[in-house]
Amino acid sequence: MDLLANFAASFATQLQSPTLAFLIGGMLLAASGSRLTIPDAIYRFIVFVLLMRIGLHGGMEIKEADLTALAFPALLSAVTGCVCVMMGWLVLARLPGIKFDDAIATSGLFGAVSASTLAAAIIILEEEMIAFEAWAPALYPFMDIPALVLAIVLASLHAQKAQTENGVRPKIGAIIVDSLRGSALSALLLGLAIGLLTNPGRIYTEFYDPMFRGLLSILLLIMGMEAYSRLAELRGVAHWFAVYALFAPIVHGLIGFGLGYLAHITVGFSPGGVIVLAIIAASNSDISGPPTLRAAIPNANPSSYIGASTSIGTPIAIAVCIPLFIALADLVFGL
Amino acid sequence: MDLLANFAASFATQLQSPTLAFLIGGMLLAASGSRLTIPDAIYRFIVFVLLMRIGLHGGMEIKEADLTALAFPALLSAVTGCVCVMMGWLVLARLPGIKFDDAIATSGLFGAVSASTLAAAIIILEEEMIAFEAWAPALYPFMDIPALVLAIVLASLHAQKAQTENGVRPKIGAIIVDSLRGSALSALLLGLAIGLLTNPGRIYTEFYDPMFRGLLSILLLIMGMEAYSRLAELRGVAHWFAVYALFAPIVHGLIGFGLGYLAHITVGFSPGGVIVLAIIAASNSDISGPPTLRAAIPNANPSSYIGASTSIGTPIAIAVCIPLFIALADLVFGL
Amino acid sequence: MDLLANFAASFATQLQSPTLAFLIGGMLLAASGSRLTIPDAIYRFIVFVLLMRIGLHGGMEIKEADLTALAFPALLSAVTGCVCVMMGWLVLARLPGIKFDDAIATSGLFGAVSASTLAAAIIILEEEMIAFEAWAPALYPFMDIPALVLAIVLASLHAQKAQTENGVRPKIGAIIVDSLRGSALSALLLGLAIGLLTNPGRIYTEFYDPMFRGLLSILLLIMGMEAYSRLAELRGVAHWFAVYALFAPIVHGLIGFGLGYLAHITVGFSPGGVIVLAIIAASNSDISGPPTLRAAIPNANPSSYIGASTSIGTPIAIAVCIPLFIALADLVFGL
Amino acid sequence: MFYKATKVTIIAERLLQSGILKILEAGGAKGYTIVDGSGQGEHINRKGDRASVVRAFSIVRIEFIQTDDASARAIAEEVSQTYFKQYSGIVYVSPVEVIRTERF
Amino acid sequence: MFYKATKVTIIAERLLQSGILKILEAGGAKGYTIVDGSGQGEHINRKGDRASVVRAFSIVRIEFIQTDDASARAIAEEVSQTYFKQYSGIVYVSPVEVIRTERF
Amino acid sequence: MFYKATKVTIIAERLLQSGILKILEAGGAKGYTIVDGSGQGEHINRKGDRASVVRAFSIVRIEFIQTDDASARAIAEEVSQTYFKQYSGIVYVSPVEVIRTERF
Ligand SMILES: Nc1ncnc2c1ncn2[C@@H]1O[C@H](COP(=O)(O)O)[C@@H](O)[C@H]1O
Ligand SMILES: Nc1ncnc2c1ncn2[C@@H]1O[C@H](COP(=O)(O)O)[C@@H](O)[C@H]1O
Ligand SMILES: Nc1ncnc2c1ncn2[C@@H]1O[C@H](COP(=O)(O)O)[C@@H](O)[C@H]1O
Ligand code: NA
Ligand code: NA
Ligand code: NA
């Protein structure tokens, strides 16, 4: 009951903050057939700036951080990503009328991480003044890559079983490298490296940081417009994808929260860090994941996994999971 | 005489401010054959940010405003828009060598409203520290939509008279919805809604507001380049369009000013608000209007109405009408 | 020895500053096959904003400057540009296996000026708090245009000698106009004019100036990615181009430094100004130069001159020459 | 193996795009490809990627392939009839050969 | 009704665009369509939409249709003669059928 | 003088671009032109230039010309065999005439 009350309060606060409003506004605009669109070049610029800001900040803080503190949460992130994919493999892939490849690609996407959800979570935590380890966003790749790799490996093992000729042994190294080359992870890692090795100073305080909120608002507007536009695609595939997309973020977030809690009691991972871990677990990859999966699991129908993640998964992760896990942390840690 | 002196002073001040300089600079660059161009993606981003800023600000202020105060100016805006179109219908359409459809589409565009002119007016009023109701820019749609609708209805009635088969009864509801779906009005209304319903706070103060001036300078540069480039098109059509474009902004602005003055004495509309009303009346639609008219009055030649508005109407509205109506307000209200 | 120590110190400082890190980061990303790209529209927007900022600042300061002080450095800039091209003509064009047109186009590019190198130098000088005449960046066109014109004239004289029919007498006026029309010089001159004639005030302090550092970081990232990607092209042409690209920036910078020193003792050109002059001499045109040369010297192979300048010349100018000439100035002027 | 098919190319103002695609779908086209462009014809001049206040008037180039020549031509005629009396645009037809007929 | 016509496609460096369009207009082409592109040929490599310091070298694809085959071919030859000895670019001609002949 | 040649047009997902270009180069194509697009086929829907979270799925239109018809068709077949069983895309061939044969 307390959780529900907390959630309601946290959700109400968020409705006051414009973050959620832009997401919903984007959906309404798309639904009303508005001709307003944000050009693709702007979208890519925004994603770059947001991830550079997150990376630079993380890098600057890691300098002072005790890196051993990062090791255990990083391991737990990898575990979370893999457990989420396994769950999709065990549950979604067995549902009636679901093709194996579609299920496993969808699980991979939901096991992986979304840059926009992460950015929204950071803004909201900063607004509510909940402290977290600045390196916590750097857990992103530790969850993202294992999830994608595992999904691709499972798809490939399945193909091998089905017919010997087509089932090529997946090259795990190649998949990892391919993930790191994606535009989102490249930007994040570049930011981390520059933050760590140089002194970004005024570039950070005068550009990347002040731009963060404003550009995020535009990104959320785009995510909202995309969510609505892709609903049509989702309608063309089995309903189970919609159901999965509705619940997976919450379940994944709970797994992340549980393992984060473990890190809290063992290595003193902060409550804010636990929330970040829960939210990246709840999020689903929207930038780098789809092309990686498309290339590696060509037989999977992109409409199923992109429809599920963009139209339902991301809105749920942002609008429901962020307030939910803040409320849960409030209850558990008495913030 | 006083007005002329005031105008000269106000015009001189504006020449000092860079706003006008960017417009003129754009024209000179285009005239000199410069290869400098601002990419279309940037143009669309700028328009979005400017209209969001105007909308957010309006929305935040409307919260505290007495909405009944808005009702009468809104009605007057609609009247202004319609009167302007009627004048075009009565005068421009009757001039020798002018096709009815071209005249009515041009009148519609000059009755409607320009986002860039509005943004320039807001910046200049803020610079000269002339206060106006923050919701005054929200009068935009109340003038824009009636003007476009009336022009389309007149064109369609004319087509019905000419030949029964082709004259389809225009669906007024559909035209209004189509106008609202245009990218400019969508952004303005989104901003208004978010400003009204949430608390934009730092998104506004750290992003949309600081970006406003700088991006407007780039938009004016673009408008200047467009103005020059489209002169060639205007040359291909009847000279009356150029004459109309030269005087319509001033006449329309005077109508707006007169009706605004009525609102001043009846419901206490502020002098700054009267200037805003006069300037949106003087402005002519450059973003949403042309496609709406193109779709609805296909027989009108776009070169006539776009040439007239972009090449002459908008420069006159920005460079002449803004200082003119500030000077007039100075005289009338003794600012 | 002192110079080396100074250079090492200055280089080490720069490694701490993120400016260089973005350049190197771009190279590493491209080398690792990252899919991160910055859209072309953003690139063009960045270049525009940087040059406007440099121009506005220069224009605002020129108002107060003694313009006769500018005359002598401007003349020296032109001399520097021409001497650099002559050196290429005398040395590079005579090397074995080098086509005359390729050599002369490459010399023209290295005699001309790079906007990104100039912007990076300005940021670094500001960071190290080395004062320079604000109009010093306005020396840009005085070096850029003579260098390009001379290269084109030499190429054309050569063509005339080779075969009477094809060798058209180059129209120097037309080449100068064409250079001024390039997007980089257009933006710089527009900024200068607006800075000089109006009072940019808040547009400068709230937009162009705060954006400068951040956008420059992205531009350097792009330059780094380009540098790596074009290495492949460079490999296809004679090795002498790589050797030239390695040493020309340093030699040209020394010439600029020497002539700047002359201006220092004769008309009191500041040490910071001498550094700016040296660095624009060391830089090579990357935005406006290539298309101008391409149009005017069509027989030259773009891979040779663009490969040499983008892949080697620009990185050397930014990473080596900026710290080098700061160190040299330190030694000479005891900053 | 290559099979004869008919390609229809439609060049039209961007604002007609959705209407044209509806005709294509109604006419049985199994797919289409759209490319953005600019151009010049009888009507207004359209510039390339520089900012334009009249972007909605820029050009799209829509092409689709059908193995059924008569059906392809019928769609071409219908698009032309419906739009190109009043709006800007052209349609043309050309012969091509495709590999997998089941896709067209 | 479909009428035979000739389509000429010119692929060239962007900096040649305005010169080529002048030849088209002088040769009597009533319209043309331009699409941006990238490509690879004998000369330098051109990438797609990623930022490029040498944007002016990117490719444009200009196509125009004329019902008068001889005239279309003459324009094609002239463009090729004027530019493609020195600059990058290709021209090719293909047969099409159009609907409204008065437009071409 | 115009010489007969064969044009191959490949429409495919962007992520296949580099693989397809390798096949072209291996097959002896001396050049190619790439244009960005969007489209609709059996698989997912691709929108135009509006921001899309799945840009990698947008369409590229690659065309190349060879005077050797057999070679051009062989490349077309190989691209189709290699990619278009699993991934989105189509290939078609059409006759053209070129001016300078040494370039194709
Ligand atoms: N003869 C032509 N050849 C190629 N494209 C054309 C031709 N005529 C018109 N177009 C294209 O069709 C569009 C509309 O033409 P129009 O309806 O004549 O204004 C133009 O913007 C061009 O892109
Ligand atoms: N065989 C070809 N097929 C298609 N396009 C080509 C071909 N050769 C050249 N091109 C195009 O023409 C441009 C210039 O070619 P080039 O003059 O060979 O450098 C290239 O960038 C390609 O876009
Ligand atoms: N019949 C067709 N005509 C033209 N383009 C097509 C056709 N079918 C498919 N395409 C293009 O090929 C892409 C992939 O098609 P598909 O593999 O059917 O999803 C689509 O996005 C279209 O751009
Ligand atoms: Na996840
Ligand atoms: Na108006
Ligand atoms: Na130089």
Side-chain angles (χ1 to χ4, degrees), chain A residues 11-46 49-50 53 119-120 122-124 126-129 205-222 224-225 228 319, chain B residues 38-53 55-56 59-60 63 115 174 176-212 214-215 287-292 294-295:
Chain A
F11 187 76
T13 314
Q14 242 199 264
L15 277 179
Q16 279 300 314
S17 111
T19 311
L20 193 54
F22 276 90
L23 185 75
I24 297 170
M27 289 180 193
L28 293 177
L29 282 184
S32 67
S34 165
R35 288 189 295 271
L36 176 68
T37 56
I38 307 293
D40 186 59
I42 301 298
Y43 165 71
R44 291 194 280 146
F45 174 68
I46 290 175
V49 173
L50 297 187
R53 190 284 195 179
I122 289 175
I123 282 289
I124 289 169
E126 287 180 6
E127 255 165 24
E128 308 218 345
M129 290 187 295
T205 54
E206 290 179 9
F207 183 77
Y208 289 101
D209 194 41
M211 287 300 221
F212 193 47
R213 269 157 207 284
L215 293 183
L216 178 65
S217 73
I218 303 178
L219 181 61
L220 290 175
L221 186 73
I222 296 173
M225 297 196 291
Y228 185 86
Chain B
I38 308 293
D40 186 59
I42 301 299
Y43 165 71
R44 291 195 279 147
F45 174 68
I46 290 175
V47 170
F48 171 77
V49 173
L50 296 188
L51 284 162
M52 279 298 297
R53 190 289 196 175
L56 286 172
M60 284 151 67
K63 271 184 211 162
I176 295 179
V177 168
D178 187 74
S179 301
L180 291 169
R181 276 178 186 157
S183 52
L185 275 184
S186 290
L188 183 71
L189 295 177
L190 179 72
L192 272 172
I194 293 181
L196 190 63
L197 301 175
T198 77
N199 179 10
R202 291 173 61 185
I203 285 188
Y204 178 78
T205 54
E206 290 180 9
F207 183 77
Y208 290 100
D209 193 41
M211 287 301 218
F212 192 47
L215 293 182
I287 297 165
S288 304
T292 299
R294 179 75 182 125

Beyond-backbone contact of A:Arg35 with B:Thr292, side-chain heavy atoms, under 4.5 angstrom: yes
Holding to salt bridge (charged side-chain N to carboxylate O under 4.0 Å, His left out), I want the full list of residues that pass it with B:Glu206, two or more places apart in sequence or in another chain. A:Arg213, B:Arg202
With a 4.5 angstrom heavy-atom cut-off, which part of A:Leu215 approaches chain B: side chain, backbone, both or neither? both
Using heavy atoms and a sub-4.5 Å threshold, report which of residues 19-28 of chain A line up against chain B, by residue number. A:Ala21, A:Phe22, A:Gly25
What is the distance from atom CG of A:Leu36 to atom CE of A:Met225, rounded to the nearest 0.5 Å? 5.5 Å
Just wondering, do A:Pro18 and B:Tyr204 contact through their side chains at under 4.5 Å, heavy atoms? no
Output a table of donor-acceptor pairs, distance under 3.5 Å, between side-chain atoms of residues 183-196 of chain B and any protein atom two or more places apart or on a different chain; print 'none' if there are none.
{"residue": "B:Ser186", "atom": "OG", "partner": "A:Ser34", "partner atom": "OG", "Å": "2.7"}
{"residue": "B:Ser186", "atom": "OG", "partner": "B:Leu180", "partner atom": "O", "Å": "3.2"}
{"residue": "B:Ser186", "atom": "OG", "partner": "B:Arg181", "partner atom": "O", "Å": "3.3"}
{"residue": "B:Ser186", "atom": "OG", "partner": "B:Gly182", "partner atom": "O", "Å": "3.0"}

For A:Ala119, enumerate each residue passing the side chain to side chain contact (heavy atoms under 4.5 Å, CB included) test, keeping only those at least two apart in sequence or located in another chain. A:Leu50, A:Ile54, A:Phe212, A:Leu216
